[in-house]
Each structure stands twice: as structure tokens, then as C-alpha cells.
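See below for the structure under consideration.
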Amino acid sequence: MRTSQLFIPTLRDNPGEAEVVSHRLMLRAGMIRKVAAGIYTFLPLGLRVLKKIERIIRQEMNRAGAQELLMPILSPAELWRETGRWDFYGKELLRCQDRHDRHFCFGPTHEEVITDLFRREVRSYRQLPMNFYQIQTKFRDEIRPRFGLMRGREFLMKDAYSFDADEAGARVSYQKMYDAYDRIFTRCGLKFRAVEADNGLIGGTTSHEFMVLAETGEETLVYDEEGSYAANVERAELLPPDQEDGADQLPLETIHTPGTKTVEAVCALLQVSPDRLVKTLLYETPAHEVVAILIRGDHEANTIKICRHLGITEIALASKETVAAVSPAPLGFAGPVGLQGIRILADHGIKAMRNFVVGGNKPDTHLKHANWGRDFTVEAFLDLRRAQAGDPSPRSDGRLHEVQGIEVGHVFLLGTKYSKAMNATVLDAQGQEVPAIMGCYGIGVSRTAAAAVEQNHDGKGMVWPVPIAPFHVHLLPLTASETVLKTAGTLYDSLIAEGVEVLWDDRNERAGVKFNDADLIGTPFHLIIGEKGLAQGVVEFKRRKTGEVVNVQPDAVQSHVKGLLSAYDLPR
RNA sequence: CGGGGCGUAGCGCAGCCCGGUAGCGCGCCUGCUUUGGGAGCAGGAUGUCGGAGGUUCAAAUCCUCUCGCCCCGACCA
């Protein structure tokens with residue numbers, strides 16, 4: 001493709017609207033343009049990347065036995081009412097009405113639509129397993145779209161849904177998808193990690209997230225170097241301590257600690273380390289129950305774990321007013337000793353502690369040498385805190401490490417949540433009607449493109465992994481001289497004939513402009529043709545990622561490129 | 001939804017405090033020269049100053065309302 005025939009409006013300056021690197025570079029490289037908050041047009045170059053990713057996904061989904069179909073963007077309210085999600089999904093579900101005042105929504109996901117299809121068409125366990133997928137535009141009316149393609153409202157997603165007659169079959173279907181995802185992101189040329197994840201509101205029992213590793217990722221993952229455990233930090237399990245502190249219990253001491261509201265301040269004043277302190281966090285449930293959570297001073301509470309233990313979906317730190325109603329202590333001085341009428345749950349790290357410091361449950365007071373059991377009663381010791389680097393792995397003798405990631409895929413074993421709600425059943429071998437066991441599997445296609453940039457860029461621009469690069473080779477004739485143009489034309493034709501995707505910068509621009517645009521666009525290989533090289537009978541091949549340059553004779557270019565590309569499993 | 005910031009030429013910005021000719025750089029158009037890391041010279045085009053009201057002889061500038069965008073938080077497959 002010639003640059004003169006491809007709309008690539010590159011920008012020299014950083015657009016003011018973009019903060020994160022993928023957003024900035026994709027705008028600058030002329031890949032995307034914003035239409036409204038979280039809504040983008042893909043320009044030709046950006047679309048080529050999406051299509052590459054799509055091709056890899058299609059191949060691997062098909063190989064895994066899934067069948068492609070295409071569902072509508074709009075779906076009728078009735079289906080969503082059946083599962084209760086018409087109300088439950090909240091404002092993220094963008095709704096509209098047609099001319100007959102019938103209610104519809106823009107699909108944020110398609111469990112309802114696919115389950116409706118399934119129940120109408122499939123009768124017998126003999127037809128299973130089945131797995132349907134589509135690559136389609138989704139709409140989620142996010143509270144705050146941001147970071148360009150990373151969290152758009154309209155985005156391209158691959159979603160798949162598996163149906164099985166029994167749990168064992170469902171696990172096989174799940175594993176197939178897990179393996180397919182592993183191949184997909186590997187083939188995309190991305191560094192990623194699959195981690196155990198929280199099922200959240202979608203329900204079900206098992207889920208894994210596929211995370212592209214990037215410092216700018218919003219998600220935090222923990223893993224042990226043995227490879228035995230990797231999880232989203234919000235999910236990461238921590239085992240109870242295996243031994244308790246056997247020290248003698250010392251007498252409780254009251255200490256005057258005016259103005260020391262933070263863990264740091266208390267530790268500085270009392271000359272103790274934070275791991276000798278227990279903080280008392282007062283949370284309020286949606287039903288206005290106040291719960292005290294005890295966490296070691298150097299640890300952080302994990303609200304998702306707290307919610308799971310309490311069997312609720314959301315919880316927030318109690319307001320000043322609520323705190324005042326249950327404790328005479330102002331914020332910063334809450335403590336478990338003498339706390340009346342509310343549940344006290346402790347992270348199991350507390351179980352190993354003796355003679356620790358707690359808030360005094362009254363103004364300007366802390367207590368030293370507090371002990372659970374003697375000074376206050378804990379309803380239960382549970383896993384309530386957020387994992388952090390250095391914590392012991394729950395599956396090995398190793399320690400956990402932390403790394404940032406971008407969620408690009410999520411696989412769920414759903415169970416029967418949707419099939420039961422919508423009465424999607426098949427007859428099993430005994431002639432009994434059983435609800436289908438479902439799984440659902442998503443890949444954010446446009447987000448994968450953005451994540452690839454977050455992971456692969458430098459000061460000059462993007463550095464695309466070869467399999468998803470918009471082009472393989474960027475052909476850069478540096479002058480308009482006859483020999484240079486002739487060589488460029490010949491090489492272009494010979495590479496195109498071999499199926500190599502070449503972007504030929506045929507603009508009458510100076511070398512610097514072409515180099516800078518090429519670096520910005522980030523095509524993996526630059527084929528540079530200049531007078532200097534031709535005088536010595538060579539053209540130059542530059543690898544974008546390393547800047548490494550090799551001279552090649554024009555005759556040898558075709559085989560050289562074939563050699564370079566043969567190292568990759570390219571989508572066809 | 002809470003907090004913060006920003007809307008002035010295609011892009012990046014200045015001007016606003018202290019009201020009085022709408023500017024700079026890049027880009028764009030024409031011509032000539034130039035051509036290995038964002039060229040030079042000469043000439044040229046481009047603005048409902050986000051929108052609506054108000055104050056004023058006079059509003060990009062002051063006031064009120066509104067719309068949009070970005071960032072932080074809450075939230076999130």
C-alpha cells in the first residue's frame with residue numbers, strides 16, 4: 001500500500017486530550033479519532049491492527065471448535081427482564097425505545113440473547129457441547145470512560161458462550177477456551193499472564209483473567225516464581241499463619257496519644273513497627289449494619305473479600321456520623337476493646353499476634369498489649385486483606401511478587417445462572433430435563449490493540465509485535481532520484497508478490513519526516529533506500545525495536561524478508 | 001456522582017487577572033530552491049474565541065446558566 005493512497009493523518013504534537021501512552025500514540029499515528037467520550041472511529045491504519053487481532057482470534061476459536069455467528073447490537077428488554085439484569089445492570093446498560101415505545105438496550109454482553117437462541121433450538125444432550133462466538137461492537141455506558149481505547153464505551157469484543165450437559169463437560173469447554181486464549185495472546189506477540197480472578201457479579205465458580213503485562217496497567221497481579229500461583233490481587237488468597245506468637249500476655253496499658261490518627265503517627269510515637277499494631281476499620285453495609293474489621297497495621301483491607309464473607313455485593317467505610325453512633329472515638333481512634341453491639345471480624349493475620357497496639361475507642365487514646373480473647377472477642381478470623389509483594393504464596397513455599405497488568409480476556413465458568421433463569425434445558429441420557437451448564441469467554445479486541453501499545457513503545461512511538469503490526473515492512477525511499485524510486489518500485493513489487501505487507505512512503509517528504517513517521521507508526525521493519533546505500537549496491541534493513549541496521553543487496557531483499565517473517569506465526 | 005482542570009485557526013498554545021485592532025508556532029495552499037533524522041525564502045488562505053443569556057458605548061476578557069472534553073476518586077466484563 002502506498003502512503004499516498006492510505007489516510008494516515010499523523011500528528012506532530014501530542015493531542016491535549018490524551019494522557020496515557022496508547023491513546024496518545026494511536027491518535028498521533030493516525031490510527032483513531034475521537035467522536036465522543038469513549039467513542040472512536042478507527043482510521044485505516046488502526047483498523048488493520050484490529051483485523052489482524054480478529055484473524056488470530058478467529059483461527060484459534062475455530063480450531064477450538066467454536067462456531068462464529070453474529071448477534072444484533074440491540075436486544076429487547078424482555079430478555080433482560082428474564083434474568084433480572086434489566087434492573088440489575090443499572091446505568092451501564094444504555095437503553096432506548098423504538099417508534100412503538102418498545103424498550104431495547106445496546107448489548108454490553110450477550111448471555112441473554114445466546115441463551116434465548118439455545119433454548120429455542122437445542123433439545124438434546126447429544127447436540128452438546130456447543131460453543132458460539134462473535135466479534136462485535138459492544139456498548140457499555142461506563143461512568144467514566146478513559147484512557148482512549150483502554151476503557152471506551154463502545155468497543156470491539158469477541159464473546160463466546162459454551163453449553164454443556166454436565167459439569168465435567170463444562171470444565172472441558174472451559175479448559176479449551178483457556179488454552180485457546182493462551183494461544184491467541186501468544187500469537188499476538190504479547191507478554192501476558194493468566195491469573196485466577198474474582199467472578200464478581202457475573203456469578204459462577206471459576207474464572208481466569210488474561211492480563212497483558214504493562215507498567216501502566218490498572219490491575220495488580222500477584223504470582224510466585226515457582227509458577228504455582230497467579231491471581232488478581234483482589235482475589236489472591238492468603239493462608240492463615242501457621243504458627244501463633246507464644247509470648248506471655250502482658251497487662252493492658254492505656255496510652256495518651258493526642259492527634260495520632262494514622263498508623264505511622266502511632267508507630268512513631270510509641271516506637272513500635274506497624275506489624276505490631278492492629279487497625280480497626282468500621283464499614284457500613286447497604287443495609288446500614290456497621291461491621292468492624294481488624295487488620296494488621298502494615299496490611300490493607302480487601303473489600304471484595306469482606307463482601308464475599310458477608311454475602312453482600314458492596315460495602316463502604318462508615319461515614320463520620322455512623323462512626324459516632326457506634327463509638328465514642330473519632331476517626332483514627334476506633335478500637336475493638338469495649339466496642340459494643342457490632343460484629344468484629346479479624347483478618348487471620350491477627351490470630352498470630354500477641355500484645356499489640358489498638359485504638360483506644362475514645363479520643364486521643366491507644367491501648368498497648370491488647371490481646372484477642374482476653375480484651376475483646378472476635379467473631380471470626382478470616383482472609384480479609386489484600387495480598388502484597390512478599391506475602392507467602394498459598395500454593396508453594398515461595399513469596400508473592402506484584403506486577404501491573406491490563407485485562408484483555410476473561411473466561412468464566414458460569415454454571416446455570418442464565419440457563420435456569422431463562423429455562424434453557426436439554427434432555428440428558430436419562431431423559432431428564434437439565435439446565436445447560438454455561439461458560440462465557442470475552443476478549444476485548446480494541447483493548448488488546450491498546451494494551452499492545454502500552455506494552456510496546458518507546459520515546460519515538462509504537463513498536464508493534466510483528467503478528468499484529470498494521471504492516472510488516474515500511475519502505476522508505478529517502479530521495480526522489482530516479483535510481484532510488486526505481487529500486488523502491490522494484491522491491492515493493494517483489495515483496496507484494498510474496499504476500500509481504502508493505503507500506504510504501506511515496507510522499508515527497510524529507511528523510512527526517514519519513515523516519516519520524518515510520519518510528520511513530522512502529523512497523524517492525526524499515527526498508528531504507530537512499531543514494532548512499534545504492535552507491536555501494538545495498539539497501540538498509542532496520543529493525544524498529546532495536547534500531548539494528550543490516551545492509552542487504554536489492555536482489556536479496558525478498559529472501560531476507562521471508563527469513564525475518566518466517567520466525568512468526570502470522571495470521572493469514 | 002464528589003474533587004480538580006480545560007474549551008481561542010486542522011494541531012499545540014498565548015491573550016482573559018486589568019474590557020477597546022484576535023495573535024504565535026506547526027500544519028495547509030502557490031512558486032522557486034532543497035532532499036540520510038520533523039528544510040529555506042517569498043507570497044497566501046483559515047476563527048460564530050464551545051453555546052445561550054446578561055452587564056457595558058464596547059465582551060475572547062466581567063456575571064449567570066448551559067454543553068463538551070480531560071485527570072483524580074467512587075465504580076467497573
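None of the values given here were measured: they were computed from a predicted structure. In what follows, every chain begins at residue 1, and chains take the letters A, B, ... in the order their sequences are listed.
- Of the candidates B/C70, B/A77, B/U35, B/C70 carries the atom nearest the A/Glu19 side chain, counting heavy atoms from C-beta on.
- For A/Lys532, whose side chain is taken as the heavy atoms from C-beta onward, the closest listed nucleotide among B/C69, B/G36, B/A77 is B/G36.
- The same atom, P, is picked in B/A14 and in B/G7; the two are 7 Å apart, to the nearest Å.
- When heavy atoms are screened at a 4.0 angstrom cut-off, A/Glu407 is found touching the sugar-phosphate backbone but no base atom.
- Pairing partner, B/A45: none, since no Watson-Crick or wobble contact has both distances short of 3.5 Å.
- A residue-by-residue look at A/Thr303 and A/Gly16 shows that A/Gly16 has its nearest nucleotide of RNA chain B further toward the 5' end.
- Using a 4.0 Å heavy-atom criterion, one finds that A/Pro108 contacts no nucleic acid atom at all.
- Across all strands shown, A/Ala18 has no heavy atoms under 4.0 Å from either base or sugar-phosphate atoms.
- The aromatic rings of A/Phe185 and A/Phe192 are tilted relative to each other, their planes meeting at an angle between 30° and 60°.
- Contact annotation for A/Arg153: no contact, since no heavy-atom pair falls under 4.0 Å across all strands.
- Annotation: B/G37 and B/C76 have their C1' atoms spaced 44 Å apart (nearest Å).
- The C1' atoms of B/G47 and B/A77 are separated by 44 Å, rounded to the nearest whole Å.
- Aromatic ring centroids of A/His560 and A/Phe541 lie under 6.0 Å apart.
- Going from the P atom of B/C6 to that of B/U21 covers 24 Å, rounded to whole Å.
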Could you encode protein contacts along nucleotides 37-49 of chain B as a string, one character per nucleotide from 5' to 3', using B for base contact, S for sugar-phosphate-only contact and - for no contact, with a heavy-atom cut-off of under 4.0 Å? BBB----------
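- Each of B/C1, B/A77, B/C70 was ranked by its minimum atom distance to the side chain of A/Ile143; first place goes to B/C1.
- Taking the six-membered ring where the residue is Trp, A/Tyr492 and A/Trp504 present tilted rings, their angle falling between 30° and 60°.
- The separation of B/A59 from B/C49, taken at their C1' atoms, amounts to 11 Å, rounded to a whole angstrom.
- When the nucleotides B/C75, B/C72, B/C70 are ranked by their closest atom to the side chain of A/Arg144, B/C72 comes out on top.
- Between A/Tyr40 and A/His23, the two ring planes are perpendicular [angle over 60°; tilted spans 30° to 60°].
- Nucleic acid contact class of A/Lys138 (heavy atoms, under 4.0 Å, all strands): none.
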